[in-house]
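See below for the structure under consideration.
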Amino acid sequence: MAQIVYEGRQTDLLPGETVLDALLRIDPSVPYSCRAGLCQSCLMKATRGEVTSKSQVGLKASWVSQGYFLPCVCVPDGDLEIAGLGNEIESTSCRIESVERLCEDVARVRLRPDKPFHYRAGQYVSLVREDGLSRSYSIASLPDERLIELHVGIVSNGQMSSWLSSGEVVGQTVSLRGPLGECFYLPEDNASTLVLIGSGTGLAPLYGIARDALRSGYPGQIALYHAAKSTEHHYLHDDLSQLSSESPSLRYLPVTEQAEGELLRRIMGGEHAWPESRIYLCGSPTMVNQLRKKLYLLGADLNRIHADAFVTRAK
Ligand SMILES: Cc1cc2nc3c(=O)[nH]c(=O)nc-3n(C[C@H](O)[C@H](O)[C@H](O)COP(=O)(O)OP(=O)(O)OC[C@H]3O[C@@H](n4cnc5c(N)ncnc54)[C@H](O)[C@@H]3O)c2cc1C
Ligand code: FES
């Protein structure tokens, strides 16, 4: 039976068990969120032993070479010695500058980093509270803006979202790990159209990507679909309507999802040339997975589909 050693304490790995489950037996405060290898909240470093290649998918090459891996999807064959995050992975401390309701269940949270935080519009961060609670959030701001902007969907009994959306957190400190993810505008892009599709707070990264593309002088058309359960939940309606009236290449397309399949119907009605389009899908994992398959079947190039599924914490 393989053994896991973490900060001097050890446990046996049960058959088929992930390293994360074994670690949680040693230390219940070990951070994690999605348990699906997507959010990188559980990132750790193996200092001895072999981790699986699956547990390093999506990590930067420099992290892979240093033994970083995702314990939530790692079922190793042999013993492992594990450490928390080393100094190689930077964490930036931020002051929560403001919290503002954008609609009934979305808050705009603005953060002031203590030192320059370099990112591409549309990437995401792991936001870590002082007690170690960690969740992923996409960045809605542009790198040259003074504050980092996040759109936080308020989930009932959600540990991080309830805390973040309460005005009491203003002035408190959190740390950011990242930036992470590949959902960003590519300046060398020769796609004829950018099709940005987001549901709920999946609008956050798309808001950044659309503005980045416009500022960078993207020569094609940009279609930005925002699916929400009601018109009130089109929480950037005024900002985006104004932006599209100032920028003829941007079409803002709010979609109210009262009937099933409404988003897909609207997207199909847009008559996009899928093989030549670059597509960004962000938000609910169901929407992201369904649309990725549908658009591929309609001729979209998988290498031109960028997706961030907002996978939530698994029990
Ligand atoms: C790459 C990535 C990017 C993300 N970006 C964003 C973002 O920009 N904005 C954003 O708001 N979220 C984003 N998320 C989701 C975010 O990380 C959290 O999962 C979310 O904020 C809920 O955390 P919580 O601690 O409040 O809820 P938890 O305490 O983790 O969950 C409490 C309960 O609510 C359920 N639950 C959680 N979320 C939902 C939901 N949306 N609908 C219904 N039930 C739910 C859980 O299953 C659980 O039962 C992203 C996730 C990933 C992986
Ligand atoms: S990547 Fe491991 S918990 Fe999300």
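If you read the sequence from its start, that first residue is 1, and numbering goes on from there. Atoms within a ligand are numbered from 1 in the order they appear, just like the ligands themselves. Owing to the predicted nature of the structure, the values given are computational and were not obtained by experimental measurement.
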Requested in this report: Mind reading off the angle at atom 4 (Fe) of ligand 2 between the SG atom of C39 and the SG atom of C34, rounded to 10°?
Outcome: 100°

Requested in this report: Look only at interatomic distance and state if S138 has a nitrogen or oxygen under 3.5 Å from any nitrogen or oxygen of ligand 1.
Outcome: yes

Query raised in the report: If you take all heavy atoms of S216 and D212, which pair is closest and at what distance?
Result: OG-O, 2.6 Å

Query - A309 near ligand 1 by a heavy-atom separation under 4.0 Å - result: yes

Query raised in the report: For N157, is the nearest heavy atom under 4.0 Å from an atom of ligand 1?
Result: yes

Query raised in the report: Looking at V152, V174, V128, L127, which one forms a side chain to side chain contact (heavy atoms under 4.5 Å, CB included) with M160?
Result: L127

Report task. Check V311 against ligand 2 and report side chain, backbone, both or neither, counting heavy atoms closer than 4.0 Å. Result -> neither

Query - Close N or O approach (S136, ligand 1; < 3.5 Å) - result: yes

**Report entry** Distance from atom 1 (S) of ligand 2 to nearest protein heavy atom, with residue and atom
**Finding:** Q40 N, 3.2 Å

Requested in this report: May I ask you to check whether C39 has an N/O atom sitting below 3.5 Å from an N/O atom of ligand 1?
Outcome: no

Query raised in the report: Does atom NZ of K293 have more than 12 heavy-atom neighbours from other groups under 6.0 Å away?
Result: no

Query raised in the report: Evaluating non-hydrogen atoms only, which member of V311, V155, L180, I139 is closest to atom 34 (O) of ligand 1?
Result: V155

Query raised in the report: At atom 2 (Fe) of ligand 2, what is the angle formed between atom SG of C42 and atom SG of C72, rounded to the nearest 10°?
Result: 100°

Requested in this report: May I ask you to check if ligand 1 and T201 share an N or O to N or O distance below 3.5 Å?
Outcome: yes

Query raised in the report: Looking at Y207, does the NZ or CZ of R211 lie under 6.0 angstrom from its six-membered ring centre and within 45 degrees of the ring axis?
Result: yes

Query raised in the report: Does a side-chain heavy-atom distance below 4.5 Å link T256 with E262?
Result: no

Requested in this report: Answer with side chain, backbone, both or neither: which part of Y124 has a heavy atom less than 4.0 angstrom from an atom of ligand 1?
Outcome: side chain

Query raised in the report: Within the structure, does S162 bring an N/O atom to less than 3.5 angstrom of an N/O atom in ligand 1?
Result: no

Query raised in the report: Within 45° of the ring axis of Y280 and under 6.0 Å from its six-membered ring centre, is that where the NZ or CZ of R278 lies?
Result: no

Query raised in the report: Looking at V99 and V169, what are the two nearest heavy atoms and their distance?
Result: CG2-CG2, 3.8 Å

Query raised in the report: Less than 3.5 Å between some nitrogen or oxygen of H151 and one of ligand 1, yes or no?
Result: yes

Query raised in the report: What residue among K60, Q40, K45, M44 forms side chain to side chain contact (heavy atoms under 4.5 Å, CB included) with Y68?
Result: K45

